Amino acid sequence: MNNRPYLSQIDQIIERTNLKSIRKAVFVVHDQLNLDHWPDWVKDEKPLLIFIESKAKGYSLPYHKKKLVYVLSSMRHFAIECSEAGFPVLYHSSESWYNEALSEILKENSDLSLTMMSASEWDTREQQNKVQEECSDRVEIIPNSFFLADVDEYKDKIAPGYRMEYFYRDMRRMTGYLMDGKDPEGGEWNYDEENRKKLPRKITIPERASTKVDEITAEVIELVSSEFSDHFGELEGFDIAVTRRQALYRLNEFIDERLDEFGPYEDAMATGKDVIFHSQLSIYMNNGLLHPKEICDKAQEAYDAGKARLNSVEGFIRQIIGWREFVRVYYEAMMPDVRETNYFGFEEALPDLYWSGDTKMHCMSECVRPVIQDGYSHHIPRLMVLSNFSNLTRTDPRKLNEWFWFGYLDAYEWVVLPNVLGMSTFADGGVLASKPYVAGGNYINKMSDYCKSCEYSVKEKTGENACPFNYLYWNFIDQERETFLENGRANFMVNMFDKKVPEEKKAIRDSSEKFINNLKRYS
Ligand SMILES: Cc1cc2nc3c(=O)[nH]c(=O)nc-3n(C[C@H](O)[C@H](O)[C@H](O)COP(=O)(O)OP(=O)(O)OC[C@H]3O[C@@H](n4cnc5c(N)ncnc54)[C@H](O)[C@@H]3O)c2cc1C
Ligand code: SF4
């Protein structure tokens, strides 16, 4: 049954395992790549480890080519490491989905019992459930231990009004990070006020060490370039850690060289500087190579040793034990109905420029470019530029969600969906965010150097040369006024629009209509 056309490297290293002599097996999903977070018996008893490369999954969206390389190469490296550590390994390449491949293995090996850790993505979990239904006496599903929060404790709280900040304080108390007895270190829970600085022109951003492409990764790059050539993104310059050892190196490098200055510039954007003092650790956390706890432990140690300032360490730890854990609880509480949520009822396809980066708007081309190149940008380009533009141009948020999902290397449905449909587009109608995140050109100008090199003028409010964000923003406030009027924190914006003179209101509407109608959409 093995269909393994592209695995010469892995075949050389993993010996073919005699399945007939094995009674216990564990299925390791591609985002669970660390045995330290599996139950102890797995390391002690060394059951058969099953890995599946599912082509059906690979083709289900036009995933970024580098993402496919990352997912496959890190799984292959991990499987090889396990084999070298004495585990029998079945590395299976399948045309179909995980459940079909697993059912076939179980059918062919009637003495085999199978343990699976509940997958973080809904569809994979549904497939695990199917396998369990078919062979209930031989299959067990254990809870996922790659996260920190107890989903069952918080799931029922997810509703409008329950904000991340409450959850975060609970998580601080539970983990003990940056606590001074019962109080937060320094007296405040949140130091964001100190974390909104524009990047000074003369600042040195430490270079990150690069990771050499080895034979295993080279083989995957070849596979992706021949099999997935029409997928999104560029393949050249793959430079991502693919083993735990390499990922740990990246973690230490971040803690030593960038954590201290992470906070002040975490919201800043600058032309050509895609990573400022950001960690770029989400990709390693999201496939299990690094655990959120070990990352936060290191950040706490750096603070205790006086190597990193409080506002940076607090901001960083909040992103992980706060936002990251919160969006996962939200996903568990809101799935599967949330997939179809579309509060504003926008139905336009995604603008073409999300695929090409081709636009006169410098901010948009600068924010799409690193996604095409490397499947990465930090939080603010994702939120305040790419999602903001999608909303202001009345684009279907589900299409945007799909783009983020296949375009970013750190995107898995449990994390991308809450961020896009909950946080950045308000598609869930305000369950996750307290108000829609929309902004005009002034915000982008304040947080970046983009406007200086743009063909549009951020100072002009309407007309051919005006920054499109300016009129699109007011047009959005006008058209979605009911939502803003109901919201105590945002109703002043409608009042500001209403105070504009009729000529200005007309110019805003005309410029917006023209811009939106002329926007090329992806079909
Ligand atoms: C529209 C949109 C889509 C996003 N999609 C994803 C996604 O698919 N995958 C993903 O991991 N993050 C996503 N995020 C959150 C955040 O942008 C990324 O986690 C972060 O930019 C990753 O880069 P970094 O590791 O350099 O982050 P840093 O700025 O160094 O932050 C540290 C860590 O905090 C965590 N984190 C911070 N904010 C969030 C958040 N809102 N949700 C979850 N984790 C968070 C990440 O694990 C990150 O590594 C999204 C945010 C927005 C606004
Ligand atoms: S002027 Fe407007 S479109 Fe141009 S970079 Fe600034 S915000 Fe973007």
Side-chain angles (χ1 to χ4, degrees), residues 67 164 195 208 250-251 254 258-259 262-263 265-267 269 271 274-287 290 292 295-296 299 312 315-328 330-331 359-367 371 375-391 397 400-401 403-425 432-433 437 439-460 465-473 515:
K67 181 174 192 170
M164 192 287 287
N195 287 352
R208 207 197 52 201
R250 296 274 171 111
L251 166 61
F254 166 72
R258 279 178 284 159
L259 174 62
F262 169 83
Y265 308 113
E266 68 176 301
D267 286 0
M269 299 179 283
T271 302
D274 305 328
V275 191
I276 301 181
F277 293 94
H278 302 91
S279 70
Q280 285 195 297
L281 293 175
S282 53
I283 42 176
Y284 310 121
M285 252 181 283
N286 294 355
N287 78 344
L290 297 179
I295 294 178
C296 294
S312 285
F316 182 69
I317 286 183
R318 173 157 33 88
Q319 306 307 320
I320 296 178
I321 67 170
W323 278 115
R324 186 173 187 273
E325 294 291 328
F326 186 67
V327 299
R328 191 228 172 189
Y330 171 100
Y331 180 73
T359 165
K360 286 192 323 186
M361 300 170 76
H362 184 59
C363 55
M364 286 300 288
S365 64
E366 254 313 279
C367 291
V371 189
Y376 177 81
S377 59
H378 72 73
H379 191 72
I380 298 302
R382 298 189 207 203
L383 182 68
M384 298 312 296
V385 183
L386 298 168
S387 299
N388 186 19
F389 185 74
S390 167
N391 243 7
L400 180 74
N401 182 48
W403 180 82
F404 270 106
W405 190 356
F406 64 69
Y408 279 79
L409 265 63
D410 61 10
Y412 297 79
E413 193 185 34
W414 66 267
V415 58
V416 72
L417 179 149
N419 273 298
V420 180
L421 298 183
M423 184 187 305
S424 75
T425 62
L432 193 140
Y437 278 99
N442 278 346
Y443 174 86
I444 296 170
N445 193 27
K446 193 173 138 215
M447 296 314 298
S448 74
D449 62 1
Y450 295 154
C451 302
K452 276 190 231 147
S453 334
C454 186
E455 291 189 36
Y456 294 105
S457 160
V458 74
K459 291 201 179 105
E460 289 182 43
N465 289 329
C467 164
F469 275 104
N470 286 345
Y471 48 79
L472 290 171
Y473 168 75
F515 184 89

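Given the structure is predicted, the values throughout are model-derived calculations rather than measurements. Whatever order the structure lists ligands and atoms in, that order sets their numbers, starting from 1.
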To which protein heavy atom is [atom] closest, and what is the distance rounded to 0.1 Å?
| atom | result |
| --- | --- |
| atom 50 (C) of ligand 1 | Asn419 CG, 3.5 Å |
| atom 12 (N) of ligand 1 | Val415 CG2, 3.7 Å |
| atom 39 (C) of ligand 1 | Trp323 CB, 3.8 Å |
| atom 9 (N) of ligand 1 | Asp410 O, 2.9 Å |
| atom 30 (O) of ligand 1 | Ser279 OG, 2.7 Å |
| atom 33 (C) of ligand 1 | Ile320 CG1, 3.7 Å |
| atom 16 (C) of ligand 1 | His379 ND1, 3.4 Å |
| atom 32 (C) of ligand 1 | Phe316 CE1, 3.5 Å |

| request: May I ask you to check if Lys67 and Phe404 form a cation-pi contact, with NZ or CZ under 6.0 angstrom from the six-membered ring centre and within 45° of the axis? | output: no
Tyr437/Ser387 under side chain to side chain contact (heavy atoms under 4.5 Å, CB included): CA gap, chis, key distance, verdict: CA-CA 8 Å; Tyr437 278 99; Ser387 299; over 6 Å; no
- Is the distance between the ring centroids of Phe254 and Phe316 under 6.0 Å? yes
Spacing of [atom1] belonging to [X] relative to [atom2] belonging to [Y], to within rounding of 0.5 Å:
| X | Y | atom1 | atom2 | answer |
| --- | --- | --- | --- | --- |
| Tyr473 | Ile444 | OH | CD1 | 12.0 Å |
| Leu290 | Arg250 | CG | CZ | 11.0 Å |
| Lys459 | Asn445 | NZ | CG | 8.0 Å |
| Leu400 | Trp405 | CG | CH2 | 13.5 Å |

With no hydrogens and no angle check, is any side-chain donor or acceptor of [X] less than 3.5 Å from a backbone partner on [Y]?
| X | Y | value |
| --- | --- | --- |
| Asn419 | Ser424 | no |
| Asn470 | Val458 | yes |
| His278 | Glu266 | yes |
| Asn465 | Ser457 | no |

Residue set satisfying salt bridge (charged side-chain N to carboxylate O under 4.0 Å, His left out) with Asp267, at least two apart, ordered chain then number -> none
Per-atom contacts of ligand 1 with [X], taking only distances under 4.0 Å to non-hydrogen atoms:
| X | value |
| --- | --- |
| His378 | 21 (O) |
| Phe262 | 28 (P), 29 (O), 30 (O) |
| Met423 | 41 (N) |

Nearest-option assignment for [atom], heavy atoms, candidates [options]:
| atom | options | result |
| --- | --- | --- |
| atom 11 (O) of ligand 1 | Leu383, Asn286, Leu409, Val420 | Asn286 |
| atom 20 (C) of ligand 1 | Arg382, Gln280, His278 | Arg382 |
| atom 45 (C) of ligand 1 | Gln319, Glu266, Arg318 | Gln319 |

Could you tell me whether some N/O pair between Ser282 and ligand 1 is separated by less than 3.5 angstrom? yes
I want to know if ligand 1 touches Leu281 in the polar sense, i.e. an N/O pair below 3.5 angstrom.
yes
Only residue of Ser448, Ser377, Ser390, Cys367 satisfying side-chain contact (heavy atoms from CB on, under 4.5 Å) with Val385 is Cys367
Under 4.0 Å, counting heavy atoms only: does [X] come that close to any atom of ligand 1?
| X | answer |
| --- | --- |
| Trp405 | no |
| Met285 | yes |
| Tyr376 | yes |
| Tyr408 | no |

- Query: Can you check side chain to side chain donor-acceptor pair (under 3.5 Å) on Thr425 and Asn391, steps first, answer last?
  - Reply: CA-CA 6 Å; Thr425 62; Asn391 243 7; 5.0 Å; no
What part of [X] sits under 4.0 Å from ligand 1 if we count only heavy atoms: the side chain, the backbone, both or neither?
| X | result |
| --- | --- |
| Ser387 | side chain |
| Ser424 | side chain |
| Ser377 | backbone |

Next item on the list: Under the side chain to side chain contact (heavy atoms under 4.5 Å, CB included) rule, what do Ile320 and Met285 come out as? Steps first, then yes or no, please.
Entry: CA-CA 10 Å; Ile320 296 178; Met285 252 181 283; 3.8 Å; yes
Short N-O contact, Arg324 and Asp410, less than 4.0 angstrom:
no
Worksheet item: Should the ring pair Trp323 and Phe326 be called parallel, tilted or perpendicular, given that the plane angle runs from 0 to 90° and is split at 30 and 60?
Response: perpendicular
Nearer than 2.8 Å to atom 8 (Fe) of ligand 2, the protein contributes N, O or S atoms numbering 1
